[in-house]
Amino acid sequence: QVHVEESGGGLVRPGGSLRLSCAASGRTSTTYTMGWFRQAAGKEREFVAAFRSSGGNTIYADSVKGRFTVSADKPKNMLYLQMSSLKPEDAAVYYCASTSRRLIISAMGMIAMYDNWGQGTQVTVSS
């Protein structure tokens, strides 16, 4: 079993930046893909970005391309999400998730493919 825990959320002004962190613990040797998802109030959870350790592949939702960057520190079992040029519509609870599945790139954004989820960290974008 893998446990993931997010941190780094907070209040930021539009146009500002924030970095989220996700710490993985437990059987991390079996983790092949990790991702970030978000859920705004009254909306469904949606994919944000994902990182595949095999090959270091990353994918992004169209809404965050060019503004968000996902990265990983494998030895430390950490996943990061650097968010820049934040907009009010980026406000949400951000979740980190992991899976032992060796996902193909086209599946990395699918919520159902992830087994382990954190509790989420709130990101508020407001002036």
Side-chain angles (χ1 to χ4, degrees):
Q1 188 72 8
V2 175
H3 175 77
V4 295
E5 185 171 353
E6 310 89 342
S7 62
L11 172 64
V12 62
R13 295 182 183 276
S17 298
L18 203 61
R19 189 176 86 152
L20 304 182
S21 299
C22 173
S25 60
R27 297 187 62 187
T28 57
S29 63
T30 61
T31 296
Y32 294 105
T33 308
M34 294 186 73
W36 288 99
F37 298 79
R38 67 187 182 186
Q39 187 166 16
K43 296 187 177 181
E44 294 187 352
R45 192 170 299 189
E46 64 177 7
F47 168 71
V48 175
F51 177 92
R52 188 174 69 178
S53 58
S54 174
N57 301 99
T58 58
I59 65 168
Y60 298 90
D62 288 343
S63 59
V64 307
K65 279 181 182 176
R67 300 188 299 121
F68 290 12
T69 301
V70 62
S71 62
D73 186 335
K74 188 72 173 166
K76 294 184 178 179
N77 295 314
M78 295 292 295
L79 184 74
Y80 303 100
L81 184 68
Q82 178 66 48
M83 305 184 293
S84 302
S85 302
L86 282 160
K87 305 175 182 179
E89 51 263 43
D90 293 317
V93 177
Y94 282 71
Y95 297 92
C96 175
S98 74
T99 179
S100 60
R101 295 181 175 89
R102 298 177 185 265
L103 299 178
I104 57 176
I105 292 178
S106 61
M108 289 168 62
M110 298 174 65
I111 293 174
M113 294 292 106
Y114 291 82
D115 307 303
N116 307 298
W117 292 82
Q119 294 299 306
T121 185
Q122 178 72 50
V123 172
T124 303
V125 184
S126 175
S127 55

Would you check if Ser25 and Asn77 make a side-chain contact, meaning some heavy-atom pair closer than 4.5 Å? no

Is it the case that the side chain of Ser84 and the backbone of Ser17 share a donor-acceptor pair, with hydrogens and angles ignored and the cut-off at 3.5 Å? no

Does the side chain of Gln119 reach to within under 4.5 Å of the side chain of Glu5, using non-hydrogen atoms? no

Tell me whether Tyr114 is reachable from Val93 by hopping between hydrophobic residues (I, L, V, M, F, W, Y) whose side-chain heavy atoms are closer than 4.5 Å. yes

Would you mind telling me which of Asn57, Thr58, Thr99 makes a side chain to side chain donor-acceptor pair (under 3.5 Å) with Arg52? Asn57

Are Tyr60 and Ile105 linked, directly or through intermediate hydrophobic residues, by side-chain heavy-atom contacts shorter than 4.5 Å (ILVMFWY only)? no

Check the angle between the aromatic planes of Phe37 and Trp117 and answer parallel, tilted or perpendicular using the 30° and 60° thresholds. tilted

CZ of Arg19 to CE of Met83, rounded to nearest 0.5 Å, is 11.0 Å

Separation of Lys74 NZ from Ser53 OG (nearest 0.5 Å): 4.0 Å

Verify the cluster assignment for Leu79 and Leu18: are they in a single hydrophobic cluster under the rule of side-chain heavy atoms below 4.5 Å apart? yes

What's the shortest heavy-atom distance between Ala92 and Gln122, and which atoms? O-NE2, 3.4 Å

Which atom pair, heavy atoms only, marks the closest approach of Arg38 to Ser63? NH2-OG, 3.5 Å

Shared hydrophobic cluster for Val70 and Tyr94 (ILVMFWY, side-chain gaps under 4.5 Å): yes

Is a side-chain N or O of Glu6 found less than 3.5 angstrom from the main chain of Gly120, in a donor-acceptor match? yes

Rounded to the nearest 0.5 Å, how far apart are OH of Tyr95 and OG1 of Thr121? 10.0 Å

Any heavy-atom pair between the side chains of Val4 and Met34 that's under 4.5 Å? yes

Check whether any side-chain heavy atom of Ile111 sits under 4.5 Å from a side-chain heavy atom of Arg45, and report yes or no. yes

Near Glu89 CD, under 6.0 Å, is it more than 12 heavy atoms from other residues, nucleotides or ligands? yes

Donor-acceptor pair, distance only, cut-off 3.5 Å: does the side chain of Arg101 make one with the backbone of Met113? yes

Co-membership, hydrophobic cluster, residues Phe68 and Val123, 4.5 Å side-chain: yes

Could you report the tightest heavy-atom contact between Leu81 and Ala49, atom names first, then the distance? CD1-CB, 4.1 Å

4.5 Å side-chain heavy-atom contact, Cys22 and Tyr80: no

Has the side chain of Arg27 got a donor or acceptor atom that lies under 3.5 Å from a matching backbone atom of Val2? no

Do you know the tightest heavy-atom contact between Val48 and Val64? O-CG2, 3.5 Å

The side-chain hydrogen bond (donor to acceptor under 3.5 Å, both in side chains) partners of Asp73 (sequence neighbours excluded) come to none

First locate atom CE of Met110, then atom CZ of Phe47, and finally report the distance between them rounded to the nearest 0.5 Å. 11.5 Å

Nearest heavy-atom pair of Arg67 and Ser85: which atoms, and what distance? NH1-O, 2.9 Å

Could you measure the distance from the OG atom of Ser21 to the CD atom of Gln82? Nearest 0.5 Å is fine. 9.5 Å

With a 4.0 Å cut-off, would you call Asp62 and Lys65 a salt bridge? yes

For a 4.5 angstrom cut-off between non-hydrogen side-chain atoms, does Lys87 reach Val125? no

